[in-house]
Amino acid sequence: MDSAGELCRDAIYEVLTRSSMETVGKCRLLSKEYNKLTYESLFTKLHSQRTAIVSGFLIQSMIKNEYQVFFVSTNGLKNHPQISFDFLPEHVKIVSSTNQGVLLCHAHNKSCYYVCISSIQQWQKVPNPKARYDTIESGLMVERLKPLRYKIVRFSEPKFRSHREFYMYHCIRVELFESATWKWKLLDEVKLPHEESLHRMTKVSVNGSLHWLTWKRNVFAFDVKKESHCLFPLPLPASEGNDVRLTEYKGKLAMTCIDRARNFMKVWIMKDHDRKQWSKRHSINIGVLTRKNPHVSPLAFCNADVVLMGEYFPDVIFFNFKTGHIDMLRLRKGLLHGCFPFQLTFATKEKAQLVHCLKA
């Protein structure tokens, strides 16, 4: 690259480190070079310092029969504050999160949902869906922020299934809530093979679709915009492992598989989402982690180089698999009930914009 091109690249890099996550996201779609660049550890740390937007994860646990949530940062923030949902009218648990910091919460022992932005303590109560069906899974997809427009998909099933249904197929009821119309609508039911069901706590949102791992180690994908679904297999060599999980890696659907006999974790990404083509990306030696905790498993990727690992509280681990560096955080002891990507903003201007979005 000549000096003029290098200067232009440096200037764009400087601009992106000061841009909103929305702008960074658009740039990732337009350029493969900047897609790669903006997922690197150095960029994410610098972006956090310059924008007062801290990326990380909400770790939800069950402590003394109550859900508690802690925020852990991917950008060097050493403290891990507990996130309070006391501003909501009742106790809730998180069921889905988005890259825009919007959360979908579900009330204890009730069928009602809340959409909220905890950093500004603003919320909306969503009309109740049909409560006579048992919820299997729910997911949230934000269409735009200004004004806030989102959709909620809910999968449920009858409390009792006929003998014929039980041995032929698994019938799943699908409901979709649209904030633009403020109504739930019933979609065509999903019929899975009778031994299939959605694996809880495996939801991944990429490419406009919500993805779940199934009990038979397939992937169930629901396209929120097209209101359609499909079922497709995992890459066969990796699906033979003894700890298989879905996650997101650099904006793509990914699968991790741990071979505990050899202390290696393989990472596959979906290279072509339309054709459902997988590509093996990494083979990571995790022996340094399994020697301390034999059951450690991946929770999420922080960026291109760092994976968040854990299994049982109180410890979660940030593992840079390129350098071998380990950061361990100790949280309150409890049972893990979900790890959700989240952005915490400390900028007054950004908070004011979020308030306006939710009230619009």
Side-chain angles (χ1 to χ4, degrees), residues 57-71 81-143 148-160 172-187 197-205 210 212 222 224 313 331-332 334-344 354-355 357-360:
F57 300 93
L58 295 179
I59 306 294
Q60 181 170 251
S61 65
M62 175 71 78
I63 301 175
K64 295 182 179 179
N65 295 322
E66 287 190 4
Y67 289 103
Q68 296 192 16
V69 180
F70 298 89
F71 176 74
Q82 182 175 344
I83 303 296
S84 173
F85 289 90
D86 291 344
F87 61 91
L88 291 174
E90 52 191 323
H91 293 297
V92 298
K93 68 173 181 179
I94 302 172
V95 295
S96 188
S97 69
T98 69
N99 291 332
Q100 298 89 345
V102 184
L103 301 175
L104 176 65
C105 301
H106 186 258
H108 287 308
N109 303 318
K110 294 182 181 179
S111 59
C112 62
Y113 291 93
Y114 294 91
V115 172
C116 69
I117 304 177
S118 63
S119 60
I120 57 173
Q121 299 193 352
Q122 297 289 320
W123 57 273
Q124 293 176 339
K125 183 178 180 180
V126 175
N128 292 353
K130 298 294 183 181
R132 64 178 180 271
Y133 297 93
D134 291 332
T135 300
I136 302 173
E137 272 293 317
S138 304
L140 172 70
M141 187 77 72
V142 172
E143 296 182 308
L148 181 62
R149 292 290 182 266
Y150 56 86
K151 292 183 179 181
I152 302 170
V153 61
R154 175 180 179 251
F155 299 103
S156 60
E157 60 185 355
K159 297 181 185 296
F160 301 100
I172 298 178
R173 178 185 173 94
V174 185
E175 296 165 279
L176 189 72
F177 177 82
E178 298 180 89
S179 64
T181 62
W182 208 246
K183 292 180 180 179
W184 289 92
K185 66 177 180 180
L186 183 64
L187 305 182
S197 188
L198 306 186
H199 199 299
R200 296 181 184 274
M201 296 200 305
T202 64
K203 180 166 52 257
V204 178
S205 175
L210 297 167
W212 285 266
F222 183 84
V224 176
F313 283 163
L331 307 177
R332 290 184 61 186
L335 184 62
L336 180 67
H337 276 263
C339 175
F340 304 91
F342 190 69
Q343 291 172 2
L344 193 62
L354 288 173
V355 172
C357 290
L358 200 53
K359 290 186 175 181

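Just so it is clear, the values below take in all heavy atoms, side chains as well, and ignore hydrogens, waters and symmetry mates.
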| task | Could I get the full list of salt bridge (charged side-chain N to carboxylate O under 4.0 Å, His left out) partners for Glu143, not counting sequence neighbours? | result | Lys151
| said: List the residues meeting salt bridge (charged side-chain N to carboxylate O under 4.0 Å, His left out) with Lys125, not counting sequence neighbours, and say none if there are none. | reply: none
Write down the atom of [X], the atom of [Y], and the distance for their closest heavy-atom approach.
X	Y	result
Cys112	Glu90	SG-OE2, 3.5 Å
Ser138	Trp212	O-CZ2, 4.1 Å
Asp134	Arg154	C-NH2, 4.4 Å
Trp184	Pro127	NE1-O, 2.6 Å

| request: For Phe57, check ring pair (Phe, Tyr, Trp, His ring centres under 6.0 Å) against everything at least two apart and list the hits. | output: none
| Residues that Phe222 engages under ring pair (Phe, Tyr, Trp, His ring centres under 6.0 Å), provided they are two or more places apart | Phe155
| query | According to the interplanar angle, ranging from 0 to 90°, do the rings of Phe342 and Phe71 count as parallel (below 30°), tilted (30 to 60°) or perpendicular (above 60°)? | reply | perpendicular
| query | Under the side-chain hydrogen bond (donor to acceptor under 3.5 Å, both in side chains) test, which residues partner Ser156, sequence neighbours left out? | reply | none
| said: Could you work out, with side-chain hydrogen bond (donor to acceptor under 3.5 Å, both in side chains) as the rule, every residue matching Glu66, not counting sequence neighbours? | reply: none
To the nearest 0.5 Å, what is the distance between [atom1] on [X] and [atom2] on [Y]?
X	Y	atom1	atom2	value
Lys93	Gln60	NZ	CD	7.5 Å
Thr135	Arg173	OG1	CZ	10.5 Å
Leu140	Ser205	CG	OG	8.5 Å
Tyr133	Glu157	OH	CD	11.5 Å

| said: Counting C-beta onward and ignoring hydrogens, is there a side-chain heavy-atom pair between Met62 and Tyr67 closer than 4.5 Å? | reply: yes
| query | Mind checking whether Phe85 and Ile94 have side chains closer than 4.5 Å, heavy atoms only? | reply | yes
Within the side chain of [X], is there an N or O that forms a donor-acceptor pair under 3.5 Å with the backbone of [Y]?
X	Y	value
Gln122	Ile117	no
Ser96	Leu104	no
Glu137	Leu198	no

| message | Going by side-chain contact (heavy atoms from CB on, under 4.5 Å), Ile152 matches just one of Val95, Val126, Leu176. Which one? | response | Val126
| query | With Cys116, which of Leu103, Val92, Val102 fulfils side-chain contact (heavy atoms from CB on, under 4.5 Å)? | reply | Leu103
| query | Would Tyr114 and Gln124 satisfy side-chain contact (heavy atoms from CB on, under 4.5 Å), going step by step from the backbone distance to the final call? | reply | CA-CA 6 Å; Tyr114 294 91; Gln124 293 176 339; over 6 Å; no
